[in-house]
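Worksheet: one structure, shown below.
Just so it is clear, the values below take in all heavy atoms, side chains as well, and ignore hydrogens, waters and symmetry mates.
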Amino acid sequence: MDPEIVAAAQRGDALALDRLLDELAPYVRRLCARIAPAAADDAMQEALLAVFRGLPSLDAPEAIMTWTRSIAVRTAIRLARRHDAEIAAEETVIERGASSLEGLVDIDDALARLPVSQRAVLVLRTREGLSEDEIAATLGIAKGTVKSRLHRARAAFREVWES
C-alpha cells in the first residue's frame with residue numbers, strides 16, 4: 001500500500017480515499033470471511049467504516065495494513081461472537097457427532113466449526129503468516145494466550161477435520 005495514497009486520503013482527498021478503500025476491501029473481506037463466515041459482509045463493512053473514521057488519527061501511513069488488519073480481525077471476532085450467541089439462543093439442543101460433520105468439503109468449513117477465539121488465532125497464524133508476537137499485538141492479548149489458543153485451535157481443528 002502506497003503511504004502517499006494513505007496520506008492524501010488522510011488530508012481529505014476523495015479520490016485517494018476511494019482508491020485506498022478499494023484496495024483494502026478484498027483483503028478485509030477475505031480476512032473477515034475466514035473469521036466470521038456467517039457475518040463476513042457485515043464485518044467487512046463495519047471494518048472499512050472504522051478505517052474510514054479512524055484514518056485521520058493514523059499516525060504512521062506506512063502502518064495502514066497492520067492497523068487495518070487489527071480493525072478487521074477485532075470486528076470479525078465481535079460479529080462472529082454475536083452470531084454464535086444468536087445461533088446458540090435459537091438452538092435448544094446441539095448435537096455434535098458424525099452426522100453434524102457430514103459434507104465438510106474444505107478447510108474453511110472446518111475452520112467455521114471452531115470457536116471464534118480459536119479460529120482467529122489459527123487464521124492469523126496459518127493463513128496470514130503472522131508470528132505469535134504479531135497475533136498478540138493484533139488481538140491485544142498476551143503472547144502466552146496466543147500460544148494456548150493456537151494449541152487448542154490446532155487440536156480442535158484436527159478433531160473436526162479427521163471426524
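The neighbour count for Arg74 CZ, taken as heavy atoms of other residues, nucleotides or ligands under 6.0 Å away, is above 12.
For Thr138 (side chain) and Glu134 (main-chain N/O), a donor-acceptor pair under 3.5 Å exists by modelled atom type. The closest donor-acceptor contact from the side chain of Ser148 to the backbone of Thr145 lies under 3.5 Å. For the pair Glu132 (side chain) and Val146 (backbone), a donor-acceptor distance under 3.5 Å is absent. Under a 3.5 Å cut-off, the side chain of Gln118 and the backbone N or O of Arg149 do not form any donor-acceptor pair.
With a 4.5 Å cut-off on side-chain heavy atoms, Arg69 and Met65 do not count as touching. Residues Leu24 and Met1 form a side-chain contact, since some pair of their non-hydrogen atoms from C-beta on lies under 4.5 Å apart. At a threshold of 4.5 Å between non-hydrogen side-chain atoms, the residues Met44 and Leu31 do not count as touching. In this structure, the side chains of Arg154 and Phe157 stay at 4.5 Å or more apart for every pair of heavy atoms. Using a 4.5 Å heavy-atom cutoff, the side chains of Pro115 and Arg152 are not in contact. Side-chain contact check for Leu55 versus Val6: some heavy-atom pair is nearer than 4.5 Å. Residues Arg113 and Trp161 fail the side-chain proximity criterion, which asks for heavy atoms closer than 4.5 Å. Side-chain atoms of Val51 and Val28, non-hydrogen and from C-beta on, never get closer than 4.5 Å to each other.
Across Ala36 and Ala76, no two heavy atoms sit closer than the pair CB-O, 3.4 Å. The heavy-atom pair separating Arg125 from Leu150 by the smallest distance is CB-CD2, 3.8 Å. Across all their heavy atoms, Ala153 and Val121 have their closest contact at CB-CG2, 4.4 Å. Residues Ala47 and Ala72 come closest through the heavy atom pair CB-CA, 3.8 Å. Of all the heavy atoms in Gln10 and Pro56, the pair that sits closest is NE2-O, 4.1 Å. The shortest heavy-atom contact between Thr75 and Ala43 is CG2-O, 3.5 Å.
The CD1 atom of Ile64 sits 10.5 Å away from the CD atom of Glu23 when rounded to the nearest 0.5 Å. Considering CD of Glu159 and CG of Leu114, their distance stands at 10.0 Å, rounded to 0.5 Å. Considering CZ of Arg34 and CZ of Arg29, their distance stands at 11.0 Å, rounded to 0.5 Å. Taking CG of Leu21 as the reference point, atom CG of Leu49 lies at 9.5 Å (rounded to 0.5 Å). Remark: Leu58 CG to Ile71 CD1 distance equals 8.5 Å, nearest 0.5 Å. Remark: Gln45 CD to Cys32 SG distance equals 10.5 Å, nearest 0.5 Å.
Hydrophobic clustering (ILVMFWY, side-chain heavy atoms < 4.5 Å, transitive): Leu79 and Leu122 are in distinct clusters.
For the pair Arg127 and Asp108, the salt-bridge criterion is met [side-chain N within less than 4.0 Å of a carboxylate O].
For the side-chain contact (heavy atoms from CB on, under 4.5 Å) test with Ile5, the passing option among Leu17, Leu20, Leu15 is Leu20; the others fail.
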